[in-house]
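Notes follow the structure.
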Amino acid sequence: MSAPMATGVPEYLVRLNAEQREAVETLDGPLLVLAGAGTGKTRVLTTRFAHLLMTGRAFPGQVLAVTFTNKAAREMRERVSAILGRPAEGLWLGTFHALCARMLRRHAELVGLTSGFTILDTDDQLRLLKLVMEAGGIDLKRWPAPGLMAQIQRWKDRGVSPNRITPAEDTDYASGKARPLYAAYQARLRDLNCADFGDLMLHMVDILRDHPEVLADWHRRFRYILVDEYQDTNLVQYMWLRLLAQGHKNICCVGDDDQSIYSWRGAEIENILRFEKDFPNARVVRLESNYRSTRPILGAASGLIAHNAGRLGKTLRAGRNDADGEKVRVVSLWDSEEEARMVGERIEVAQRSGHALSEIAILVRAGFQTRAFEERLITLGVPYRVIGGLKFYERAEIRDAMAYLRVLAQPADDLAFERIVNTPKRGLGDTAMRKMHEIARAEGIPLSSAAARLAQGGITGRARAALSELLHGFARWREALPRDGHVVVAATLLDESGYTEMWKQDKSPEAPGRLENLKEFLRALGEFETLTGFLEHVALVMENDENAADDRLSLMTLHAAKGLEFDTVFLPGWEEGLFPHSRAMEEGGEKGVEEERRLAYVGLTRARKHAIVSCAANRRIYGNWSSSIPSRFLDELPLEHIEREGSAGMARNRMVEMPSVFTGAGGLLARRPKVIEAGAWEVQARPVRADAIGVGQRVFHQKFGYGRVTGVEDDKLDIAFEKAGTKRVLDRFVEKA
DNA sequence: ATTTAAGGGCTTTTT
DNA sequence: GCCCTTAAAT
């Protein structure tokens, strides 16, 4: 513990405002910190953590700190270290899933697993469930597996294992067979020594519920519990927290009911609404001083969210000295293309006046909306990045490589074996696989053993040779493992199995990138002592490098934007049906609309200085043009904080004045937005692309599709397009594919 | 056993 | 309008 400051108050506390300080210094008993957007939530959480250590209230290993994302966990670790002035070691700090996995490794045998269990990805989960359903004689046409998977996940989110399903929790899926199928699926997971994501939580809760001595052990360990984003916890996470908090009752949950946007993933906003009932004598501290946004942005966001019922109630106050600023712009446009043009032009104007692109974001409701903006940004030559998309470990090549290593580590891992047995193609098709399954089922042995049996005889020459080569390979690699180490063996394995070669032969544009990813995979493997440690890391923690080293604009969904902030934020597509989304309204009714409204609130509060909301009167959805009316959320923004502009009339009841969609493209193109600052249209000199395109690069062109660069001359490219033939185009019209 | 055709569906996705 | 999953064709 470092010496107290001369004043008696440590420096890290002095930097806090009164409410933040109360949240940090209230150490005993349950505490709920209601932290509005931009009120210093992370600072409170990390300072509180450090304070617990600095005051000697707890050793690092006695604090359990839970986040939802790896990113949040990493950030907290870094900031706690910064306050402590040394790396924070031995912490129980991580995501719900990572922490549960860590705990479950110690108690795996209590749920019929061994500590080396494998964590399945969603792909494996579904394949396994399909096998279980087929074995159960279910007609997969009539009862698609994803439906049952969703149901099982819902059960797991609610902490319901097969034996705990009450009639109220049951479903009529597949004429009431859901429950036995769930049980069979769990049994198969156990046999394969696997756990899916939901199991990590579910098993731990079951263990803590059923084994008081285990629970008591964890109570002895954890004296303080810190929880981030409490509004996003689901029931099983709540149960887990509650069980662990029973011991010392020192649980501090930080969250914001107004930012609960994941109910469709099982998050229960009731968890935070109920906190004071669940934890008697709980203190509640509200953080309401916002240090992020201007007064008009806060006013607009507050006015909007005030339309929700059943809130815990907070009022965001502007905490900045320079909080005065521009009103929120509400721009109405003729169609989605004009909307994209408007956003693009404003970005160019901002860019020319020195605004960093990395401080601008376009936040959309649904993924398909990004396309129009991407097209626009490409033609304007504005660098951007789309946040979201596939995670590192969700890429096919990484999953394949993982599967190889899983078979190496656990020959009985049927799912992994099945994935790689014919990847690369070894001439093992349906017939060979069926035979393998038959043997495995008949003998009650793993697939790989069945394959060995099959290689002795039972299939034809070519397939047989290929199969026995693979099996001999695994025997060899496994033998080499203790001698050469996992990194070397992994590299040889991917090489000798023909897997790397498969991608080298592949002519598709993604192939080089995939080989890169495999290199990255091997490099990351080198950072781990053991194979199993690495497999867990990849399953739970590994993520994309979206580090914004270069100056690019961000394009992402509103969901992906939670927790981020930008100087300027564009919020397009505020139209009934899209935002609030019709599905959300159909499925959730008024509750659904409220969650959409929270999403709008999240979007607005991402902006520090400028927020530009827009709606289009016409939008192409699923290929068809359809007209839409402005979102009800626009009417809910307080008039004094917004400024309306636009070419396409705003009032929701004046829609009749809108020209028909069918007036044709001429009228549509002739119409120019009146919303653009003067001069914005006279854009001549485009910046040269930062990412130079070379010969051989595969590229994408909006009009001509995919092609390969055959020549480069200044900013002009000769491209052999797959469909459109050879053309010469300006480099700014293509993107790397 | 791989290639091609037809069909359905389509919001968000921290782990 | 597009993309992905499953069905028949060679």
Side-chain angles (χ1 to χ4, degrees), chain A residues 66-75 94-101 119-122 125-126 130 140-141 144-146 150 153 156-157 195-202 228-229 231-234 236-237 259-267 363-372 387-394 422 424-433 460 462-463 466 536-544 556-564 573 577-588 592 595-596 598-600 602-603 619-626 705:
Chain A
V66 199
T67 65
F68 270 85
T69 64
N70 294 301
K71 196 176 157 202
R74 201 185 327 118
E75 198 177 316
T95 63
F96 277 100
H97 295 272
L99 291 166
C100 266
I119 299 166
L120 293 189
D121 61 39
T122 47
Q125 287 173 41
L126 196 61
K130 276 184 187 164
L140 286 171
K141 289 272 159 15
Q153 249 151 31
K156 291 186 176 179
D157 283 345
D196 68 17
F197 263 81
D199 282 340
L200 298 175
M201 297 297 313
L202 181 69
D228 191 14
E229 305 277 18
Q231 78 282 351
D232 287 334
T233 50
N234 61 33
V236 72
Q237 288 161 339
Q259 291 188 66
S260 165
I261 55 174
Y262 281 104
S263 76
W264 50 274
R265 264 191 109 275
L363 308 182
V364 296
R365 172 69 248 264
F368 74 84
Q369 289 174 267
T370 58
R371 202 185 185 97
I387 312 267
L390 280 188
K391 300 273 168 289
F392 188 74
Y393 62 84
E394 286 169 339
N422 199 33
K425 300 267 182 286
R426 296 188 174 88
L428 299 160
D430 285 347
T431 2
M433 287 315 295
T460 48
R462 186 170 279 270
E536 173 145 331
H537 172 80
V538 176
L540 288 174
V541 182
M542 199 124 161
E543 51 201 328
N544 296 344
M556 70 188 100
T557 63
L558 287 159
H559 283 91
K562 198 171 84 161
L564 305 177
L578 179 58
F579 193 35
H581 200 277
S582 47
R583 279 280 292 267
M585 294 187 277
E586 283 158 27
E587 286 169 19
E595 179 148 320
E596 296 284 291
R598 291 193 291 270
L599 199 49
V602 167
R619 183 174 296 277
R620 207 154 66 176
I621 295 175
Y622 310 141
N624 307 324
W625 283 98
S626 57

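Within every chain, numbering begins at 1; the chains are lettered A, B, ... in the order of the sequence lines, protein sequences first and strands thereafter.
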Atom pairs under 3.5 Å: protein N/O with N/O of nucleotides 3-5 of chain B:
none

A:R619 meets the side chain to side chain donor-acceptor pair (under 3.5 Å) criterion, sequence neighbours left out, with A:E339, A:E575
A:H559 meets the ring-ring contact (aromatic ring centres under 6.0 Å, His included) criterion, sequence neighbours left out, with A:Y262, A:W264
Sorted by chain and residue number, the salt bridge (Lys or Arg N to Asp or Glu O under 4.0 Å) partners of A:R583 (sequence neighbours excluded) come out as A:E587
With sequence neighbours left out, the residues meeting ring-ring contact (aromatic ring centres under 6.0 Å, His included) with A:F197 are A:H97
Residue set satisfying side-chain contact (heavy atoms from CB on, under 4.5 Å) with A:A560, at least two apart, ordered chain then number -> A:M556, A:T557
Sorted by chain and residue number, the ring-ring contact (aromatic ring centres under 6.0 Å, His included) partners of A:F68 (sequence neighbours excluded) come out as A:F96
Contacts of A:Q259 meeting side chain to side chain donor-acceptor pair (under 3.5 Å) (sequence neighbours excluded), chain-then-number -> A:D256, A:R606
The contact string for nucleotides 3-10 of chain C, one letter per nucleotide 5' to 3', using protein heavy atoms under 4.0 Å with B, S and - for base, sugar-phosphate only and none, comes out as ---SS---
Taken in chain and number order and not counting sequence neighbours, the residues that satisfy side chain to side chain donor-acceptor pair (under 3.5 Å) with A:D199 are A:K156, A:Q186
Expected string for nucleotides 10-15 of chain B under the B/S/- scheme (protein heavy atoms, under 4.0 Å, primed atoms plus P, OP1, OP2 as sugar-phosphate) is BBBBBB
By side-chain contact (heavy atoms from CB on, under 4.5 Å), A:P146 pairs with (sequence neighbours left out) A:L126, A:P144
